[in-house]
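It should be emphasised that the depicted structure is a prediction, and the values quoted were computed from it without experimental measurement. Whatever order the structure lists ligands and atoms in, that order sets their numbers, starting from 1. The figures that follow rest on heavy atoms only: side chains count, while hydrogens, waters and symmetry mates do not. One is the number of the first residue; the rest follow in order along the sequence.
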Amino acid sequence: MTTVWVDASAGASGDMLLGALVGAGVPLEVLQAAIDAVSPEPVRLSTERVTRHGFAATRVHVDVADSAHHRTWRDIRALLPEGTAHDVFARLATAEGAVHGHDPDDVHFHEVGALDAIADVVGVCAGFAHLGATEVVVSPVAVGSGSVRTEHGPLPVPPPAVAELLRGVPSYAGPGTSESCTPTGAALLTTLATAYGGQPAMTTATVGVGAGGRDPESHANVLRLLVGEPSGAAAQLHVLEANVDDLDPRLWPEVLAALLDAGARDAWLTPILMKKGRPAHTVHALVDTELADAARAVLFRETSTIGVRDHAVGRTALDRATTTVAVAGQEVRVKLTAHTAQPEYDDVVRAARALRRPVRDVLAEATALARTTR
Ligand SMILES: O=C([S-])c1cc(C(=O)S)c[n+]([C@@H]2O[C@H](COP(=O)(O)O)[C@@H](O)[C@H]2O)c1
Ligand code: NI
C-alpha cells in the first residue's frame with residue numbers, strides 16, 4: 001500500500017507535478033518512456049534543480065518540436081490507450097467543451113499545443129503508476145486570484161475550465177496573485193485523487209518538490225508530494241452531528257444501525273435540552289472522510305433533520321487484534337490491544353445462555369483466558 005499526499009497549497013500544473021514526481025524518486029526515463037510510447041513526434045524531458053523562495057525544487061522541462069500544432073481531443077484520443085491518461089484528457093475535454101459550448105471531441109488544447117499537454121498528462125500518470133499509489137489524497141487546491149493572460153485575452157482566475165474541473169473539490173484562492181492551478185493540473189488532480197483533505201495518517205518515505213516556470217514574489221511556487229505507507233495512528237476522521245427534537249424516539253435504534261451499516265465507525269445519541277426548553281437528542285456519527293457523504297445521506301433520509309454539522313477530528317487508535325477463546329467449549333471472540341482484552345459482548349451472552357451461566361461469570365472467564373493467551 002502506498003499513500004501519496006499532494007500538497008497543492010501553491011496550486012498545480014502538469015510541469016509542477018512532473019517535477020515533484022522526479023523529486024520523489026521516479027526516474028526521468030520512466031516518464032520519458034511512457035511519453036515516447038504514445039507521442040506522434042519527439043518530446044524530450046530534462047530536469048533542472050531550481051530554488052523557489054529559498055526552497056530547492058525539481059523542474060522538468062518538456063521540449064517539443066511543434067508547439068504550434070493544435071490537436072483536438074478526437075486526435076489525441078486516437079493516440080492514447082484506455083487508462084488514466086486517457087481519462088484525464090477526457091475530463092479536460094469535457095470541461096472545456098462545457099465552458100466553451102463545444103462538443104468535447106472538437107476541443108483544442110490551449111496555448112502551447114497538444115504535445116506538451118500529452119507529455120504532462122502521460123508523464124504524470126506514468127509517475128503515479130511507478131510509485132504504486134494506492135491512495136492519492138489531494139489537499140484543498142489553491143487556484144490563485146486576479147486574471148491570467150491567454151491567447152484569447154485575459155481570463156479571470158480560476159479560469160473557466162479550472163472552475164469546472166474543480167466542482168465538488170475543496171479549493172481556495174491561496175497565496176498566488178495570478179493563475180496557480182492550470183486546467184491540466186486540475187484535470188490530473190481530480191482524476192488521480194481518491195480523497196481530498198489534509199495529510200492522511202502515513203509514514204512518509206520520500207518528499208518530492210516540483211516547480212513550474214513561474215517564480216512569483218509572493219510565495220514558493222511549488223507542489224509537494226509526500227509518498228509513504230498508510231498508518232493507523234491519528235487518522236483524520238469526521239464527526240457528523242445533528243440536533244433533532246421531533247423524531248419518534250422509537251426510530252433512533254434503527255437510525256444508529258443505518259449509520260453503522262453505512263460504514264460509520266461509531267454512532268451514538270446524547271440527550272440535550274434545546275431552545276424553548278425542548279428535550280431532544282444530538283445524533284453523532286464518527287466516519288472516515290470517504291464515507292462522510294453516505295453517513296450524511298443516512299441522517300437526512302432516516303431522521304427529520306434539515307442540517308448536518310461536520311467536524312474534522314483526529315483519532316489515535318491502538319493497534320488491535322482479535323483472538324478466540326473457548327469458555328467451556330463455547331467460542332468467544334476477544335479484541336486485544338497492548339493494554340486491554342475485551343470479549344465481544346454478543347458472543348459472551350450467547351455462550352452464557354448456552355451454558356446456563358451468569359453473563360458476568362462468562363465475561364470474567366473469557367477475559368482471563370484471553371490475558372493468558374496473549
Ligand atoms: O485559450 C483558451 S480557450 C483558454 C481557456 C482556458 C479556460 O479555462 S476555458 C484556459 N486557458 C489558459 O491556457 C493556459 C494553458 O493551460 P494548460 O492547462 O494547457 O497548461 C492556462 O493559463 C489556462 O488558464 C486558455
Ligand atoms: Ni478554454
State the atoms of ligand 1, each with its element, that fall below the 4.0 Å cut-off from a heavy-atom position in [X].
X      : value
Ala161 : 7 (C), 8 (O), 9 (S)
Thr184 : 17 (P), 18 (O), 19 (O), 20 (O)
His100 : 3 (S), 9 (S)
Pro183 : 16 (O), 18 (O), 23 (C), 24 (O)
Val99  : 9 (S)

Below 4.0 Å from any atom of ligand 1, is there a heavy atom belonging to Glu179?
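Checking ligand 1 against Glu179, which is what was asked, there is a heavy-atom contact under 4.0 Å.
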Below 4.0 Å from ligand 1: does a non-hydrogen atom of Ser13 turn up there or not?
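No; Ser13 lies far enough from ligand 1 that no heavy-atom distance drops under 4.0 Å.
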Any chance the rings of Trp73 and His102 have centres within less than 6.0 Å?
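Centroid separation for Trp73 and His102: 6.0 Å or greater.
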Short side-chain to backbone donor-acceptor contact, [X] and [Y], under 3.5 Å:
X     : Y      : answer
His53 : Glu217 : yes
Thr2  : Gly228 : no
Ser39 : Ile35  : no

Arg91 and Thr190: side-chain donor and acceptor closer than 3.5 Å?
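On atom types as modelled, these side chains qualify, holding a pair under 3.5 Å.
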By atom name, which N, O or S atom belonging to His100 lies closest to the Ni ion (ligand 2)?
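Checking each N, O and S atom of His100, the shortest distance to the Ni ion (ligand 2) belongs to NE2.
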Atom of Glu96 closest to the Ni ion (ligand 2), considering N, O or S atoms
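The Glu96 atom nearest to the Ni ion (ligand 2), restricting to N, O or S, is OE1.
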Please round to the nearest 0.5 Å and tell me the distance separating atom CZ of Arg44 and atom CG of Asp36.
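Taking CZ in Arg44 and CG in Asp36, the distance rounds to 11.5 Å.
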Is it the side chain, the backbone, both or neither of Leu155 that has a heavy atom closer than 4.0 Å to ligand 1?
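The side chain, only.
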Consider side-chain hydrogen bond (donor to acceptor under 3.5 Å, both in side chains). Of Arg278, Lys275, His281, Lys276, which one does Asp245 pass it with?
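Among Arg278, Lys275, His281, Lys276, the one that satisfies the side-chain hydrogen bond (donor to acceptor under 3.5 Å, both in side chains) with Asp245 is Arg278.
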